[in-house]
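Residue numbering restarts at 1 for every chain, and letters A, B, ... go by the order of the sequence lines.
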Amino acid sequence: MSQVVTRFAPSPTGYLHIGGGRTALFNWLYARGRGGKFLLRIEDTDRERSTPEATAAILRGLTWLGLDWDGEVVSQFERRDRHAEVAREMLARGTAYKCFSTKEEIEAYRAAREAEGASYAVFQSPWRDADPSTYPDAPYAIRMKAPRTGETIIEDQVQGRVVIKNETLDDMIVLRSDGTPVYMLAVVVDDHDMGVTHVIRGDDHLNNAARQQMVYDAMGWTVPVWAHIPLIHGPDGKKLSKRHGATGVEEYQAMGYPAAGMRNYLTRLGWAHGDAEIFTSDEAMKMFDLSGIGRAPARLDFKKLENTCGHHMAMAEDAALLHELQAYLAAAGRPALTDLQAGLMKQALPFLKSSAKTFPELLEKASFLMISRPIAADAKAAEALDTVSRGILKSLTPRLQNASWTKEALEPILTGIATENGIGFGKLAAPLRAALAGRTVTPSVYDMMLTIGREETVARLSDAAA
RNA sequence: GGCCCGUUCGUCUAUCGGUUAGGACACCUGGUUUUCAACCAGGUAAGAGGGGUUCGACUCCCCUACGGGCUGCCA
């Protein structure tokens, strides 16, 4: 078996949709897991709607997801001459013909059929078998000479064997009367020329596959392996749209989901391998197979996304996580970390990452190291700093001056103070949290003290005790 | 309208004719605990409906309902 070649072929008419991201991911996993190639082609033949900004956004989205492609990005529009050449070759082979019917004539044909009571009308061009000597001197489109009887069978790796009756398909136009190629032809020519062996795409193309397969047949080309995957739906089961919230991959980056978690979640959305839930991309590549893809559309579940992200956050290496955190801040338009904050963050990451699911949550938990003196206590925290508590903090600071700065050394000091004052550790922790972080919900007081260091700890406690 | 695809706990799914229908998320309860989390243990919860085929159907076939897609000289 020759090398596997897959591709992702989005239209540059907007940002990278979450469904497109998953389609790209499946193609990437399939190719990478088999030592194959994953190609990227921009289907920009619709000049009205295609924009360079959209192409850039799609590339950014893929890059964020960690999906790397092989070779140069192919522009479909730039290959239009090649597409036209194939259309002419079909003409020469007799698998296509010149059609001089105008748009008005086609509409009239359909209207007439419907008037006769037909519920639908496949246009049958009068030029299909016309004698070339009768051709008018007028613009013409090139139509594929599709079989009118029999059936076209799509052997789909996800949908199974799909049978389409040829009589329901018209002679599709492959080259418009203005000489530009039509998408359906372009896809086939490009996939063939690029050596694509496996076409993994949304099942909105399932019906199209029949016509595309006819082009392969007409040209005598090898039909690729088809795999039409179901689309992603919103939580209510309807097609995912803006009203469900985020539909763009980059929006998820801006919301602070780690890319590894996003990848894992998207891989599991509509695909399964036994009970495997949490896995790295390397593991996913080894497990991924077309047979594991479900046939029903899957719904987006933010809770599970978060949970999956939490696992990956905890699994991440500190340096890489810090790097991604900084990228998140930039993507979300939030201020970057100062060198001091970055240094403290690196120390705090080992305990912060184990309980955070997203970067905003991580930052929330890290607020004690983001702030600087004087620490402003919020209303609830201020309540914890009553006269008695301030007195306790005051008596605590001298004992911290000479302690070695480890949890083992600090623990007896803090529990000792609590015992001396006849209070439980919980009663002591509250004012400590208020003094160190200015809030009532924080990481462990020991973790905070160890992170910011002796000098800053004593300073913050002294501030609060004053 | 026609054609095509789909339908297992609330959600993602396992099952490929014989299971007490399994796992994960969510939810509920308990535990741990200096707060919030995280973590640990346990629990609630499913084969759209109706016909067949079969000794036996979630699994195979048909019908219905519901959802989605396609039906362009858009992609």
Side-chain angles (χ1 to χ4, degrees), chain A residues 9-13 43-46 48-50 76 99 101-103 106 114 118-123 139-143 154 156 158-160 162-165 167-170 172-178 180-184 186-187 202-211 228 230-231 233 235 237-239 265 268-278 291-292 294-308 310 314 351 353-357 361 364-365 380-381 384 414-415 418 424-430 432-434 437 439-446:
Chain A
S11 301
T13 55
E43 309 216 313
D44 51 358
T45 55
D46 185 337
E48 297 286 300
R49 295 192 296 158
S50 300
Q76 188 161 66
C99 173
S101 295
T102 62
K103 220 164 185 170
I106 296 169
E114 276 166 35
S119 53
Y120 68 101
V122 170
F123 177 65
Y140 60 86
I142 297 181
R143 296 188 101 105
I154 300 296
D156 195 277
V158 174
Q159 308 289 342
V162 179
V163 180
I164 314 250
K165 287 187 193 67
E167 65 193 39
T168 66
L169 268 21
D170 63 3
M172 97 175 155
I173 286 177
V174 291
L175 199 72
R176 297 186 186 94
S177 48
D178 65 0
T180 60
V182 115
Y183 158 79
M184 291 276 221
V187 187
D203 69 3
D204 48 337
H205 289 288
L206 181 56
N207 286 282
N208 292 338
R211 306 172 120 124
H228 289 91
L231 272 16
H233 285 185
K238 301 286 185 187
K239 197 170 70 168
Y265 175 72
R268 269 292 283 111
L269 192 62
W271 172 85
H273 184 79
D275 289 339
E277 294 283 352
I278 303 298
S291 63
R295 302 133 310 269
R299 303 179 191 201
L300 222 45
D301 181 353
F302 285 87
K303 290 285 192 182
K304 185 148 187 173
L305 204 211
E306 277 181 20
N307 180 278
T308 304
F351 66 86
K353 71 182 182 185
S354 65
S355 62
K357 296 176 178 126
E361 193 181 342
E364 183 63 23
K365 289 171 185 294
K380 275 198 165 178
L414 294 194
T415 52
F425 187 72
K427 283 283 185 198
L428 174 63
L432 279 172
R433 265 192 283 278
R439 32 173 94 187
T440 54
V441 176
T442 75
S444 141
V445 293
Y446 294 111

Exercise. Say you draw a straight line from CE of A:Met184 to CZ of A:Arg211; how long is it, rounded to the nearest 0.5 Å?
Worked result: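 Reported value, rounded in 0.5 Å steps: 5.0 Å.
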Just so I know, are the side chains of [X] and [Y] near enough to count as touching, which here means a heavy-atom distance under 4.5 Å?
| X | Y | answer |
| --- | --- | --- |
| A:Val158 | A:His228 | no |
| A:Leu175 | A:Val182 | no |
| A:Ile173 | A:Phe123 | no |
| A:Val122 | A:Leu169 | no |
| A:Leu305 | A:Leu300 | no |

If the [atom1] atom of [N] is compared with that of [M], how far apart are they to the nearest Å?
| N | M | atom1 | result |
| --- | --- | --- | --- |
| B:C40 | B:U59 | C1' | 37 Å |
| B:A41 | B:C25 | P | 11 Å |
| B:U44 | B:G49 | C1' | 25 Å |
| B:A65 | B:C73 | C1' | 39 Å |
| B:U53 | B:C61 | C1' | 7 Å |
| B:C66 | B:C60 | C1' | 23 Å |
| B:A37 | B:A48 | P | 37 Å |
| B:G10 | B:C70 | C1' | 31 Å |

Between [options], which nucleotide gets closest to the side-chain atoms of [X]?
| X | options | value |
| --- | --- | --- |
| A:Lys303 | B:U11, B:C74, B:C25 | B:C25 |
| A:Asn208 | B:G10, B:C74, B:C70 | B:C70 |
| A:Thr168 | B:G23, B:G67, B:C3 | B:C3 |

Next item on the list: Please report the C-alpha distance between A:Val174 and A:Arg143 in whole Å, then the side-chain angles of each, then the deciding distance to 0.1 Å, and finally whether the side chain to side chain contact (heavy atoms under 4.5 Å, CB included) criterion is met.
Entry: CA-CA 6 Å; A:Val174 291; A:Arg143 296 188 101 105; over 6 Å; no
Watson-Crick or G-U wobble partner of [N], both distances under 3.5 Å:
| N | answer |
| --- | --- |
| B:A21 | none |
| B:U15 | none |
| B:A41 | B:U29 |
| B:C58 | none |
| B:A46 | none |
| B:C66 | B:G6 |

[X] near the nucleic acid: base, sugar-phosphate alone, or nothing, with a heavy-atom cut-off under 4.0 Å?
| X | answer |
| --- | --- |
| A:Ser101 | base |
| A:Arg268 | base |
| A:His233 | sugar-phosphate |
| A:Gly424 | nothing |
| A:Glu277 | base |

base_contact_polar (B:A24 base, A:Lys304 side chain, donor-acceptor, <3.5 Å):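 Side chain to base: pair found, below 3.5 Å.
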* To do: Kindly indicate whether the side chain of A:Arg49 and the base of B:C74 share any N or O donor-acceptor pair separated by less than 3.5 Å?
  =>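 Pair found.
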May I have the distance from [X] (atom [atom1]) to [N] (atom [atom2]), rounded to whole angstrom?
| X | N | atom1 | atom2 | result |
| --- | --- | --- | --- | --- |
| A:Glu48 | B:C74 | CD | P | 11 Å |
| A:Glu167 | B:C3 | CD | P | 10 Å |
| A:Arg299 | B:G68 | CZ | C1' | 12 Å |
| A:Arg211 | B:C70 | CZ | C1' | 9 Å |
| A:His273 | B:U15 | NE2 | P | 10 Å |
| A:Glu306 | B:C12 | CD | P | 17 Å |
| A:Asp46 | B:C73 | CG | P | 14 Å |
| A:Asp275 | B:U15 | CG | P | 10 Å |

Over 60° means perpendicular and under 30° means parallel, so tell me whether A:Tyr183 and A:His205 are parallel, tilted or perpendicular.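 Rings of A:Tyr183 and A:His205: tilted, 30 to 60°.
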5' to 3', nucleotides 32-42 of chain B under a 4.0 Å protein heavy-atom cut-off (B base, S sugar-phosphate only, - none) gives --BBBBS----
**Q.** Given A:Asn307, A:Thr308, A:Ile278, the one that forms side-chain contact (heavy atoms from CB on, under 4.5 Å) with A:Tyr265
**A.**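 That would be A:Thr308.
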Notebook entry, point to check: Salt bridge check: are A:Lys353 and A:Glu361 linked by an N-O gap of less than 4.0 Å?
Noted result: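 The answer is no: the pair does not qualify as a salt bridge.
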Q: Would you check, one step at a time, whether the test side chain to side chain contact (heavy atoms under 4.5 Å, CB included) holds for A:Arg268 with A:Lys304?
A: CA-CA 10 Å; A:Arg268 269 292 283 111; A:Lys304 185 148 187 173; 4.2 Å; yes
Walk me through whether A:Arg299 and A:Asp301 qualify under side chain to side chain contact (heavy atoms under 4.5 Å, CB included). CA-CA 6 Å; A:Arg299 303 179 191 201; A:Asp301 181 353; over 6 Å; no
Sub-3.5 Å pairs of nitrogen or oxygen atoms, protein against nucleotides 4-7 of chain B:
| unit_1 | atom_1 | unit_2 | atom_2 | d |
| --- | --- | --- | --- | --- |
| B:C5 | O3' | A:Gln159 | OE1 | 3.3 |
| B:C5 | O2' | A:Gln159 | OE1 | 2.8 |

**Item:** Comparing A:Pro10 and A:Leu300 on RNA chain B - which has the more 5′ nearest nucleotide
**Value:**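 Closer to the 5' end of RNA chain B: A:Leu300.
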